[in-house]
Structure formats: C-alpha cells, structure tokens
Amino acid sequence: MTKTGKLLYLIPALWTSLFDIAMTIIHQPDEYWQGDLTKANEGNPIGAFFMEGHVLGLFIISAVWIVIIILLGYFLPRSLAKTFLLFCVIAHSAAASTWLTRFYGFWWMIIFILFNSILYAVIDHIVFKKHRNARR
C-alpha cells in the first residue's frame with residue numbers, strides 16, 4: 001500500500017475518534033468543568049479514570065489515543081492496519097452514538113453511522129482502485 005493509501009485509511013478512524021471526543025467534552029456537566037471530577041460522565045473505564053484524576057485527563061488520554069491510531073494505522077502491515085482502523089471507526093461510532101441518541105435523537109445516530117460507513121467504504125474503494133491500477 002502506498003503512503004497516500006495509508007494516510008487515506010486514517011481519515012475515517014481519526015474523524016470518528018475526534019467526533020466521539022468532542023461529544024464527550026461538550027456533554028460533560030458544568031460541575032465537572034468547575035472542578036467536581038466525580039461528575040465525569042464517561043463510559044470508557046480508561047477515559048473515566050483519567051477524567052476523574054484531572055480536568056485535563058480527557059485531553060491527555062485523547063491526544064495519546066490519536067497518536068496511537070496514527071502510528072498503528074500507518075506502520076502496521078496493510079491488513080492489520082485496515083482491521084485496526086475499521087475497529088476504531090466501529091468503536092468510536094458506537095461510543096459517539098450514545099451521546100447522539102441521548103442528546104439529539106435516534107436519527108442523528110443513524111446518519112452518523114451511515115456517514116462513517118460510507119466514508120470508510122469510499123476510501124477503501126479509492127485505495128483499492130489505485131493499488132489495482134498501479135499493478136497494471
């Protein structure tokens with residue numbers, strides 16, 4: 001796979017991760033941002049642990065996670081990278097869907113997951129087409 005192909009595959013995983021992180025930040029109660037860390041609202045036990053430790057914990061663990069996605073998505077062999085990045089898309093779509101359903105409704109969650117699925121499929125098609133044309 002080319003460098004461009006690897007970078008393209010990162011887009012859906014990074015998009016869904018950042019969207020999920022944004023939803024987590026936006027929907028924390030005011031008390032949390034005012035310093036009551038017991039009010040952290042996070043389903044991921046790792047994220048919750050960091051959020052309950054410091055107000056910046058969410059930002060720190062999120063930055064580390066984004067770096068991990070980029071490194072693994074770029075440096076793993078093609079099939080492992082694709083699987084890992086698809087996992088990120090699915091996991092963060094599921095996680096963000098809890099915020100979307102609760103605060104915006106069922107249909108916004110469906111639209112979000114549909115968009116993420118189409119984005120991944122389109123990028124997969126583009127990369128596969130470039131790979132196939134390069135072999136000719």
Side-chain angles (χ1 to χ4, degrees):
M1 184 176 353
T2 66
K3 289 180 183 181
T4 303
K6 286 189 171 211
L7 292 174
L8 286 173
Y9 273 117
L10 288 169
I11 293 171
L14 292 173
W15 149 250
T16 53
S17 299
L18 291 170
F19 187 91
D20 181 26
I21 292 164
M23 288 289 101
T24 303
I25 291 167
I26 290 167
H27 294 295
Q28 291 305 306
D30 290 338
E31 296 86 5
Y32 176 77
W33 296 117
Q34 294 166 0
D36 186 355
L37 302 180
T38 64
K39 300 294 183 186
N41 185 5
E42 176 56 41
N44 176 342
I46 298 169
F49 174 80
F50 277 86
M51 289 176 70
E52 292 167 2
H54 196 279
V55 173
L56 295 177
L58 174 61
F59 299 96
I60 293 166
I61 193 65
S62 296
V64 169
W65 179 238
I66 294 299
V67 169
I68 290 170
I69 291 172
I70 292 168
L71 292 175
L72 291 179
Y74 192 79
F75 291 109
L76 282 174
R78 180 180 174 270
S79 62
L80 289 176
K82 280 182 64 174
T83 302
F84 170 72
L85 294 171
L86 180 58
F87 160 77
C88 291
V89 171
I90 293 169
H92 283 287
S93 291
S97 73
T98 63
W99 295 112
L100 288 168
T101 302
R102 180 175 175 197
F103 291 98
Y104 305 100
F106 174 81
W107 292 110
W108 283 109
M109 179 266 299
I110 291 295
I111 291 166
F112 177 69
I113 292 173
L114 177 63
F115 175 82
N116 295 340
S117 301
I118 292 169
L119 179 62
Y120 189 88
V122 166
I123 287 175
D124 188 55
H125 177 76
I126 290 168
V127 173
F128 179 76
K129 188 176 176 182
K130 284 183 179 183
H131 178 73
R132 186 180 64 215
N133 289 340
R135 290 187 351 202
R136 289 183 180 176

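Just so you know, residue 1 is the first one in the sequence shown, and it goes up from there.
- Side chain of Gln28 to main chain of Ala40: no donor-acceptor pair is present (N/O by atom type, distance under 3.5 Å, no hydrogens or angles).
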Fill in: Tyr120/Ile90 under side chain to side chain contact (heavy atoms under 4.5 Å, CB included): CA gap, chis, key distance, verdict
CA-CA 10 Å; Tyr120 189 88; Ile90 293 169; over 6 Å; no

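- Other residues, nucleotides and ligands contribute only 12 or fewer heavy atoms inside 6.0 Å of the CH2 atom of Trp108.
- Closest of all the heavy-atom pairs between Leu10 and Gly73 is CD2-CA, 3.9 Å.
- Atom CZ of residue Phe106 and atom CD1 of residue Ile111 lie 10.0 Å apart, to the nearest 0.5 angstrom.
- To the nearest 0.5 Å, atoms CG (Asp20) and CZ (Phe112) are separated by 7.0 Å.
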Practice prompt. Would you sort out whether His54 and Phe59 count as a side chain to side chain contact (heavy atoms under 4.5 Å, CB included), showing the intermediate values?
Written response: CA-CA 10 Å; His54 196 279; Phe59 299 96; over 6 Å; no

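- When side chains are defined from C-beta on, Asp124 counts as touching Tyr9, because their heavy atoms get closer than 4.5 Å.
- By the 6.0 Å contact criterion, CZ on Phe103 is enclosed, its count of non-hydrogen atoms from other residues, nucleotides or ligands being greater than 12.
- Residues Leu85 and Val89 fail the side-chain proximity criterion, which asks for heavy atoms closer than 4.5 Å.
- Leu86 and Val122 fall within a single hydrophobic cluster, where Ile, Leu, Val, Met, Phe, Trp and Tyr are joined by side-chain heavy atoms under 4.5 Å apart, directly or via other members.
- Following chains of ILVMFWY side-chain contacts shorter than 4.5 Å, one can reach Leu18 starting from Val64, so the two form part of one hydrophobic cluster.
- The aromatic rings of Phe115 and Trp15 lie perpendicular to each other, with more than 60° between the two planes, well past the 30° mark.
- Atom-to-atom distance recorded for Ile61:CD1 and Ile21:CD1 is 9.5 Å, nearest 0.5 angstrom.
- Residues Ile69 and Cys88 share a closest heavy-atom pair of CG1-SG, 4.0 Å.
- For the atom pair CG of Leu76 and CG of Leu72, the computed distance is 5.0 Å after rounding to the nearest 0.5 Å.
- Minimum heavy-atom separation, Thr98 to Ala95: OG1-O, 2.6 Å.
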Discussion item. Go through it in stages, so that I can follow the logic: the residues are Lys3 and Tyr74, the test is side chain to side chain contact (heavy atoms under 4.5 Å, CB included), and I'd like the CA-CA distance, side-chain angles, deciding distance and then a yes or no.
Written reply: CA-CA 8 Å; Lys3 289 180 183 181; Tyr74 192 79; 3.0 Å; yes

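- Once rounded to the nearest 0.5 Å, the distance linking CD1 of Ile118 with NE2 of His125 reads 14.0 Å.
- Within a 6.0 Å radius of CD1 in Ile26, more than 12 heavy atoms belonging to other residues, nucleotides or ligands are found.
- With hydrophobic clusters built from ILVMFWY side chains whose heavy atoms lie under 4.5 angstrom apart, Ile126 shares a cluster with Leu14.
- The main-chain N or O of Trp33 is never found under 3.5 Å from a side-chain atom of Lys39 such that the two would form a donor-acceptor pair.
- His27 contributes atom NE2, which lies 10.0 Å from atom CG of Asn41 (distance to the nearest 0.5 angstrom).
- Trp65 and Phe84 have perpendicular rings, their planes meeting at more than 60° on a 0 to 90° scale where under 30° would count as parallel.
- Between the side chains of Thr16 and Asn116, no donor-acceptor pair is found at a separation under 3.5 Å.
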Worksheet item: Hey, mind stepping through His92 and Phe19 against side chain to side chain contact (heavy atoms under 4.5 Å, CB included) and telling me if it holds?
Response: CA-CA 8 Å; His92 283 287; Phe19 187 91; over 6 Å; no

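- Note on Phe50: it does not cluster hydrophobically with Ile66, by side-chain heavy-atom contacts below 4.5 Å among ILVMFWY residues.
- At least one donor-acceptor pair under 3.5 Å links the side chain of Ser97 to the backbone N or O of Ala94.
- Remark: side-chain polar atoms of Tyr32 are paired, donor with acceptor, to backbone N or O of Met51 under 3.5 angstrom.
- Pairing each heavy atom of Ile46 with each of Asn44, the nearest pair is N-OD1, 2.8 Å.
- Ile11 and Ile123 get closest at one heavy-atom pair: CB-CD1, 3.9 Å.
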